[in-house]
Amino acid sequence: MSVARRRFLQGTAVASGAALLPAIPAHAADPVTVTADGITLVGQSDGSVLISDGSAGSGTDRVLISHFMFKDSVLGQQRTYGGTPAPITLADGRPAVRITYTMGSAAGGVTVLGTFDVSAHKAHMSWEVSGSDTLTPTGFMVARTVQSPSAPESYEALTAWTKDPRGGIPYEVNAGCAYAETWADTKGFFCLAASNTAYTTATWLHTPGAATGTGAATTTMDLVFGDLRPRGAGVLAAGSPLGVEVWTDQPFNLYKSAGQTMTLKAQVANGGSAAKPVTLTWWARDFAGNQIAGGTDSRTLAAGAGWDASFPITAPGQGIVFTEVSVQSGSDTALARTNLSVLPDFAYQAGSESMFGLANYPWLLKPTEADVLGLLKLIGVRRIRIAYAGAPGIDIATLDANGIHHNVELSGIPTGGSADQIAAWADTNTATAIAAAAEYFEVSNEVNAPWMQGRGADAYVSDGLRQVTDRLTAAGSTMKVMNAGLGGMDYVWTANFQAAGGWDLIDAFAFHPGRGNFTADYAPTPDQWVLGDTGTYWNFLGALRKAKEVIAEYGTKELWMSEAYAPTKPNSWWNDTYRHAAENVLLSLALAKSEGVRGVNWYQLHDSTVHHPQEANPDDVEFHSGMMNRDTSAKPTLLAYATAARVLDQAAYVRPLVFSDPDVKGLLFTSPAGPISILWTRKDGYVLNADHGTDSWWASPEPWTDTWTTKTQVVAHSGTVAGTVRELNCIGQESTLTAAGGKVTLTLDGAPRVYYGLAADPDWK
């Protein structure tokens with residue numbers, strides 16, 4: 001039975017009494033059909049639209065568009081009750097269907113017109129709403145029914161890779177979104193400029209529009225059929241000349257051992273109206289920039305068609321492979337990138353003593369929750385900063401069962417509010433923390449803005465922190481309490497916090513060492529700090545040492561970095577390059593360990609934001625703070641975090657290493673595997689990306705580019721008279737050096753390296 005005859009009307013978002021329903025016309029209009037390659041659209045006599053995936057009479061009914069609903073700040077939500085189809089001709093001469101919708105009396109005279117046309121494998125749909133000055137286009141909705149899908153509908157963010165004409169690295173930009181439908185024999189994609197999944201239901205698809213004049217607004221949507229990837233569907237929907245998407249079938253594109261075949265897949269899409277010759281070029285590079293695979297291929301690609309290709313790459317040992325697939329047809333080009341990585345299993349031993357955590361919810365549970373959980377365990381995450389019943393991400397019972405501890409951070413203190421408001425906030429949030437069995441309650445977040453002005457510390461203590469500690473005491477809870485993690489090491493605010501009695505109420509002192517274009521070991525003293533968005537206030541080691549001074553002055557507390565960062569916003573001098581980020585992650589964590597930090601929660605797992613999952617945003621620094629790319633492939637920082645977690649798992653700090661050359665820096669740890677030395681130099685200084693101009697843009701080098709120009713030979717004492725010394729770079733790639741006469745020559749630069757096999761006093765003179 002066809003979709004049309006089944007009469008799908010699954011309910012609406014408005015309540016309508018019989019008196020509001022329009023009269024049923026005595027004579028229904030005839031259906032109107034338009035067709036193109038791989039698609040047929042029928043405007044039916046009742047105003048619904050039936051879309052099939054083949055030629056008229058031979059395709060399979062796939063989707064019914066039954067109603068449109070507009071939103072109005074005065075009239076509320078109002079939906080259509082049928083309509084009348086009619087054939088029309090578009091400006092380009094193609095046939096289309098125009099539906100004049102029937103509205104209920106509560107719609108206040110608002111009219112809705114729908115226009116529907118088709119091209120190869122695509123239906124283009126638009127709705128024009130007019131007649132009210134109080135329309136709310138962001139609330140427009142379309143009722144759709146999908147016939148016999150084989151899988152649930154899924155939301156997909158659409159992106160496109162681009163290059164800045166000034167240079168730098170390519171990056172992704174937002175290209176709308178799609179709701180993907182799956183059948184046993186094909187796929188379909190509702191493609192839109194934007195949509196909020198929180199508003200989309202089983203019946204109604206959120207299709208926000210835009211005002212087109214006084215009292216008028218329009219929304220558009222495309223439905224694309226074919227065995228396509230989301231990017232390919234978006235290319236067809238937009239009518240773009242070319243597009244390409246790359247991926248692997250391996251979760252996170254992450255493999256476990258050397259020698260495996262890593263299969264990079266690509267799909268090229270022709271969104272144009274005619275067939276065209278297409279040349280594909282691909283390459284794969286290792287962390288050193290060596291091209292380890294690549295090639296070219298060509299073919300003619302039909303309009304609206306996709307070209308699937310796959311390329312084998314042999315997995316190295318632990319490391320990362322950068323890949324790109326680019327396509328060209330005449331002057332039309334497109335590209336896409338992703339990373340493939342290798343990280344073997346590791347048996348962590350530190351357990352609850354580990355300092356390694358994650359600052360945000362691991363909320364993007366793709367491809368599955370089990371995969372994300374396995375990844376957290378693989379890279380050494382042993383604590384989640386925010387986990388409680390109802391929070392995004394992995395539930396607390398699953399975290400507990402897998403040995404991942406959890407804290408709670410809850411914000412929104414009604415500072416300066418009424419006693420009832422303050423009590424309600426404290427009652428609710430303290431109960432949430434207790435119910436979560438959190439080990440630590442971090443009471444709010446970055447309440448010290450504006451930085452270094454000391455405002456609001458007393459109100460924070462009286463209206464928030466003390467309210468929580470009083471309730472925890474009354475409940476007999478032994479939960480530990482942290483202050484709201486400070487934005488930067490704001491010692492001015494902290495002094496006011498201590499004067500207001502806050503210091504005695506906390507068990508742990510938390511701060512967020514934001515860092516700009518400085519190495520992690522840059523440690524200006526507070527008298528050298530400059531405020532501002534690009535000021536030296538945002539440094540790592542100097543802030544950490546000031547936090548220790550504050551603790552020494554006010555009284556012993558655990559020291560936590562409840563957020564730490566290495567954002568990789570592309571082509572921005574203030575942020576890390578992909579390579580510097582990996583170096584700074586390893587060094588930041590080693591420095592934190594050496595300075596006695598109890599916990600470091602890295603911000604965050606994925607490039608993305610919880611409210612706009614996987615939508616590209618090249619301008620948002622926070623978006624680019626993940627250890628993984630938007631497509632869930634690993635950045636070098638993910639491997640650097642895992643390297644630090646493995647090297648420092650059972651390590652204990654001994655002392656700084658001091659060589660005769662003052663620019664040679666180092667940290668010495670002990671471990672069950674013997675002494676561990678982490679060494680680097682500062683011959684090239686502490687400021688990164690120093691050749692930038694006066695604006696924020698700066699051409700980022702490719703991630704395989706080593707920007708440290710000065711290489712320094714350093715002689716260190718080895719642990720044996722003769723033998724090998726193991727060297728790990730920032731992402732854990734291992735090489736061996738040969739010791740002779742109890743010494744070994746190391747080549748150092750600004751990137752930290754880890755050494756096993758040196759003496760317990762490698763800097764002995």
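Excluded from the calculations below are hydrogen atoms, water molecules and symmetry mates; all remaining heavy atoms, backbone and side chain alike, are included. From a predicted model like this one, the values you see are computed outputs, not experimental measurements.
Defined by atom type and a distance below 3.5 Å, a donor-acceptor pair is missing between the side-chain atoms of S700 and T577. Donor-acceptor pairing under 3.5 Å is recorded for the side chains of Q267 and D308. For the 3.5 Å distance criterion, the side chains of S572 and N575 qualify, holding a donor opposite an acceptor. At a cut-off of 3.5 Å, with distance as the only test, a side-chain donor of Y179 or T200 sits close to an acceptor on the other residue.
By the side-chain hydrogen bond (donor to acceptor under 3.5 Å, both in side chains) test, S132 is found to be paired with D72, T134, residues two or more places apart in sequence or in another chain being considered. Residues meeting the ring-ring contact (aromatic ring centres under 6.0 Å, His included) test with F252, sequence neighbours left out: none. Partners of Q328 according to the side-chain contact (heavy atoms from CB on, under 4.5 Å) rule, which considers only residues two or more places apart in sequence or in another chain, are T333. With sequence neighbours excluded, the residues that form a ring-ring contact (aromatic ring centres under 6.0 Å, His included) with H206 are Y199. T33 pairs by the side-chain hydrogen bond (donor to acceptor under 3.5 Å, both in side chains) definition with nothing, not counting sequence neighbours. In this view, F68 and W127, F140 satisfy the ring-ring contact (aromatic ring centres under 6.0 Å, His included) rule, not counting sequence neighbours. Residues passing the side-chain contact (heavy atoms from CB on, under 4.5 Å) test with R630 are T159, E172, Q614, A616, F623, sequence neighbours excluded. Under the rule for a side-chain hydrogen bond (donor to acceptor under 3.5 Å, both in side chains), T207 has no partner lying at least two apart in sequence or in another chain. Not counting sequence neighbours, the partners of W573 by the ring-ring contact (aromatic ring centres under 6.0 Å, His included) test are H692. Every residue meeting the side-chain contact (heavy atoms from CB on, under 4.5 Å) condition with V173, not counting sequence neighbours, appears here in chain and number order: A160, T162, Y171, P618. Applying the side-chain contact (heavy atoms from CB on, under 4.5 Å) criterion to T368, with sequence neighbours excluded, gives A370, D371.
A donor-acceptor contact shorter than 3.5 Å links the side chain of H624 to the backbone of N617. Judged purely by atom type and a 3.5 angstrom limit, S329 has no side-chain atom pairing as donor or acceptor with the backbone of D332. Side-chain atoms of N270 come within 3.5 Å of backbone atoms of A274 as a donor-acceptor pair (strictly under, hydrogens ignored).
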Stepwise, does the side-chain hydrogen bond (donor to acceptor under 3.5 Å, both in side chains) test hold for S126 with T220?
CA-CA 4 Å; S126 66; T220 62; over 6 Å; no
Can you list the steps and then say if S130 with T111 is a side-chain hydrogen bond (donor to acceptor under 3.5 Å, both in side chains)?
CA-CA 6 Å; S130 60; T111 62; 2.9 Å; yes
Residue pair S298, T279: steps toward the side-chain hydrogen bond (donor to acceptor under 3.5 Å, both in side chains) verdict:
CA-CA 4 Å; S298 298; T279 298; 3.1 Å; yes
After noting the C-alpha distance and the side-chain angles of V32 and V42, does the key distance pass the side-chain contact (heavy atoms from CB on, under 4.5 Å) rule?
CA-CA 6 Å; V32 180; V42 181; over 6 Å; no
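Atom OG of S341 sits about 7.0 Å away from atom CG of L638, to the nearest 0.5 Å. With rounding to the nearest 0.5 angstrom, the CG atom of N253 is 7.5 Å from the OG1 atom of T323. To the nearest 0.5 Å, the span separating CD on E615 from CG on D620 amounts to 11.5 Å. Remark: L90 CG to H124 NE2 distance equals 9.0 Å, nearest 0.5 Å. Note that OG1 of T84 and CD1 of I99 are 9.0 Å apart. Values are rounded to the nearest 0.5 Å. Here the OG atom belonging to S310 is positioned 8.5 Å from the CG atom belonging to L264, to the nearest 0.5 angstrom.
Contact detail for V244 and A266: the closest heavy-atom pair is CG2-CB, 4.5 Å. Closest heavy-atom contact between Y578 and P703: CB-CB, 3.7 Å. Across all non-hydrogen atoms, the minimal contact from M103 to T80 is SD-CG2, 3.6 Å. The two residues N571 and G168 make their nearest non-hydrogen contact at OD1-CA, 3.2 Å. In plain terms, the two heavy atoms of V321 and A284 that are nearest each other are CG1-CB, 3.7 Å.
Residue pairs meeting the side-chain hydrogen bond (donor to acceptor under 3.5 Å, both in side chains) criterion with at least one partner in residues 88-98, sequence neighbours excluded, are D92-R94, R94-D117, R98-T115.
Contact check on K569 versus E622 returns no salt bridge, with no Lys/Arg side-chain nitrogen under 4.0 Å from an Asp/Glu carboxylate oxygen. The residues D53 and K187 are annotated as not salt-bridged, no charged nitrogen and carboxylate oxygen being separated by less than 4.0 angstrom. For K635 and D607, the salt-bridge test passes: some basic side-chain N is under 4.0 Å from an acidic carboxylate O. Checked for salt-bridge contact, K265 and D249 meet the test: a charged N lies under 4.0 Å from a carboxylate O.
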